[in-house]
Amino acid sequence: MTSLELPPSTTHDVVNQPPPLVGHDVAEDPVLLAGLEREGAGWHAEDLHRLGRLAGSEQAQTWADQANRVEPVLRTHDRYGHRIDEVDVHPAWHSLLDVAVSEGLAGAPWADPRPGAHVARAAGFYVWGQVEAGHGCPVSMTYAVVPALRTTPDLASTYEPLLTSRVYDPGLRPPAGKAGLLAGMGMTEKQGGSDVRAGTTTATPAGEGTWQLRGHKWFTSAPMSDLFLVLAQVAGAGVTCFLVPRVLPDGTRNTFRMQRLKDKLGNRSNASSEPELDGTVAWLVGEPGRGVRTILEMVAMTRLDCVIGSAAGMRAAVVQATHHASHRCAFGGRLVDKPLMRNVLADLHVESEAATTLMLRLAGAVDRAQGGEGRTGDAQEQAFARIATAIGKYWVCKRGPAVAAEALECLGGNGYVEESGMPRLYREAPLNSIWEGSGNVIALDVLRAVAREPASLEAYFAEVDRARGADPRLDDAVLGLRAGLGDPTDLEVRARRLVERMALVLQGSLLVRHAPPAVADAFCASRLAGDWGHAFGTLPRGVDVPGVLDRVLPG
Ligand SMILES: Cc1cc2nc3c(=O)[nH]c(=O)nc-3n(C[C@H](O)[C@H](O)[C@H](O)COP(=O)(O)OP(=O)(O)OC[C@H]3O[C@@H](n4cnc5c(N)ncnc54)[C@H](O)[C@@H]3O)c2cc1C
C-alpha cells in the first residue's frame with residue numbers, strides 16, 4: 001500500500017463529537033409558541049414553523065457563514081473614476097434579506113390590519129434572527145421607519161407601500177420605481193452620538209420643497225438602503241429630520257460620499273459607513289426643530305428589535321449549549337446529566353425564557369397600541385410600551401453578552417472555534433446594548449419617563465400588579481422597587497440599579513403568570529430573592545432543574 005492509498009486517518013476514530021445541529025425547526029420553542037398565542041398571533045404558528053425549518057436548514061446556516069466570512073467591500077469609484085459609493089456584498093447577504101423581507105419581517109405589519117400582526121413579525125424576527133444578526137439591521141430600520149414617516153403624509157403615501165412590500169428589490173434605483181424599499185438612519189456624528197443635538201450637519205431650503213444637507217455622519221449602517229432618515233440643523237429651528245434617498249427621482253445619484261466602512265467587532269456582514277453629505281437633496285420629515293421627536297418614532301421601534309435580537313441570540317446560544325451537552329460525554333457520562341452542568345444550562349435557560357417572554361409582551365403592547373382596521377389603539381398599552389421597551393432594551397441587551405459567553409463555554413474548546421457559530425454570537429452580543437441608546441442613556445430615559453410621563457409608570461405597575469399574590473418574593477420585590485423609585489435622592493447615580501430592578505420585577509411577574517412553576521420559581525429565587533451567585537450555574541438548591549430543562553432539551 002502506498003501512502004496515497006492510506007485511509008484519511010489511521011491514528012484514531014472520531015468519537016464523542018456532537019452531530020451538527022441542523023435540520024431542526026427553530027420555531028419549535030415552547031416559550032415562543034405559547035407567547036405567540038397569548039399575544040394574539042396564534043394564527044401565525046404554521047408560517048412560523050415553516051420559517052423555523054428554513055432557519056434550521058443547512059442552507060440558511062451556510063448563508064450566515066458566507067455573509068460574515070466574505071465581508072462587504074466599499075467601491076467609492078467605478079473603473080472610469082466616476083463616484084459611485086456602492087458596497088459589494090456576498091450573494092448570501094441578499095438571500096438572507098430576501099427571506100426576511102418576503103416573510104414580512106421588514107415593514108409588512110404596518111400594512112397588515114390583523115390583530116397580532118406586529119407580534120407575528122416579532123416572532124419571525126426572533127426565529128430568523130437566530131440564523132444571522134447582521135442583516136437584521138436594515139430589516140429593523142425598514143420596519144421602524146414607517147411610524148416616523150407617517151408624520152409627513154405626502155412622503156408616507158409615496159413610500160409606505162414600498163416599505164411595507166414583501167418584495168426584496170436590491171440595487172440603487174429611483175425609489176418610486178422599485179418593488180420594495182429598505183431604509184436606514186443617519187443620526188450619529190463624530191462629535192456626538194447619544195447627544196444628537198450636538199450634530200453639526202446643516203440643512204438649507206433649496207426650493208420646490210427640497211432641502212440641501214451639508215456635513216457628515218459617523219455611523220450609517222446598511223448604506224445600500226434606498227432611503228435614510230437623517231438629522232440636520234435648520235437655522236433658527238434646530239435639529240430637524242429629513243428623508244434622504246440614495247437615488248433622486250430623476251435617476252441621478254444623491255451625494256452620499258462614503259469615506260470608509262467601519263472595521264467592527266462583530267456584525268461583520270452588515271456594512272456601517274461614514275458618509276459625507278454635500279449638497280445632498282433631502283425632504284423634510286415632521287416639523288422643523290422637531291427632529292429628535294420625529295426620529296424617536298423610529299428609534300422606539302428599533303429599540304424593540306434590539307430586545308428581540310438579543311432574545312434571539314440568547315435562545316440560539318442556549319440551544320447550541322444544550323445540544324452539545326446532550327451529546328458530549330466526559331468523566332463517564334453525558335455532560336447534560338452532570339449536576340453542575342445542569343445547573344448552568346437551567347440558569348441560562350431561565351435567562352433566555354425571561355427575555356423571550358418579555359420581548360413577546362412588548363411586541364403585543366406595540367401591536368395593541370397601534371390598533372388596526374376597525375380598532376383604536378390602546379392608550380394603556382401605548383404607555384406601557386413607552387417605558388417597558390426602554391426597560392427591556394436596557395436589561396435584555398445587557399444580559400446578551402453574559403449568556404453568549406457562558407453558553408460558548410459549555411462547548412468547551414469547540415465553542416471558541418469559528419465553525420461552531422458561537423464566536424459569531426459572542427461578537428454580536430454587545431451591539432444591541434450600544435446602538436439605539438447605550439446602557440446609561442437608556443437607563444436615564446427610563447427615569448425621564450418615570451418623571452415626565454406618569455401614565456407610563458402607572459401602566460408598568462398595573463402590569464406587574466397582575467401577578468400580585470402569586471409569589472411572595474415577587475411581592476417583596478415590587479414593594480422594594482416602589483420604595484426605590486419613591487426616593488428622590490441620587491436618582492441619576494442609581495439609574496442602572498433601578499432600571500435593572502424594574503426589568504427583573506417585570507420579567508418575574510410575566511414568568512409567574514405564564515411560565516411553568518419550575519421556571520418562575522427559579523427566576524424568583526435567584527433574580528428577585530437574591531439566592532444566586534455572580535455567574536450562571538449558581539441556582540440554589542431546591543430549584544426544579546429537570547422542570548426547567550424540559551423547556552429546552554429536545555423531547
Ligand atoms: C455597529 C454599529 C452600527 C451603527 N449604526 C448606526 C446607524 O446606522 N445610524 C446611526 O445614526 N448610528 C449608528 N450607530 C451609532 C450608535 O447609535 C452610537 O454609537 C450610539 O448611539 C452611542 O453614541 P456614541 O458612539 O457617540 O457614544 P457617546 O454618546 O459618546 O456615549 C459613550 C458612552 O457614554 C454614555 N453616556 C452618554 N451620555 C451619558 C450621560 N448623560 N450620562 C452617563 N453616561 C452617558 C453612553 O451610554 C455610552 O456608554 C452604530 C453603532 C454601531 C456600533
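As the structure lists them, so they are numbered: ligands from 1, and atoms in each ligand from 1. Each residue takes its place number in the sequence, starting with 1.
Side-chain contact of T356 with Y126: a donor-acceptor pair under 3.5 Å is present, judged by distance alone. Under 3.5 Å, the side chains of Q320 and S420 contain no donor-acceptor pair of N or O atoms.
Sorted by first then second residue, the ring-ring contact (aromatic ring centres under 6.0 Å, His included) pairs that include residues 246-279, not counting sequence neighbours, are F228-F256. Screening residues 144-157 for side chain to side chain donor-acceptor pair (under 3.5 Å), with sequence neighbours left out, gives R150-E160.
Looking at residues two or more places apart in sequence or on another chain, you find a side chain to side chain contact (heavy atoms under 4.5 Å, CB included) between K190 and H216, W218.
With salt bridges taken as basic N to acidic carboxylate O contacts below 4.0 Å, one links D85 and R83.
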Starting from the N and O atoms of ligand 1, find every protein N or O within less than 3.5 Å and list the pair with its distance.
| unit_1 | atom_1 | unit_2 | atom_2 | d |
| --- | --- | --- | --- | --- |
| ligand 1 | 5 (N) | S221 | OG | 2.7 |
| ligand 1 | 8 (O) | M185 | O | 3.4 |
| ligand 1 | 8 (O) | S221 | N | 2.8 |
| ligand 1 | 8 (O) | S221 | OG | 3.4 |
| ligand 1 | 9 (N) | M185 | O | 2.9 |
| ligand 1 | 9 (N) | F219 | O | 3.0 |
| ligand 1 | 11 (O) | M187 | N | 2.7 |
| ligand 1 | 11 (O) | T188 | N | 2.9 |
| ligand 1 | 11 (O) | T188 | OG1 | 3.2 |
| ligand 1 | 12 (N) | T188 | OG1 | 2.7 |
| ligand 1 | 12 (N) | F219 | O | 3.4 |
| ligand 1 | 23 (O) | S194 | N | 3.3 |
| ligand 1 | 26 (O) | G193 | N | 2.9 |
| ligand 1 | 29 (O) | S194 | N | 3.0 |
| ligand 1 | 29 (O) | S194 | OG | 2.5 |
| ligand 1 | 44 (N) | N440 | ND2 | 3.0 |

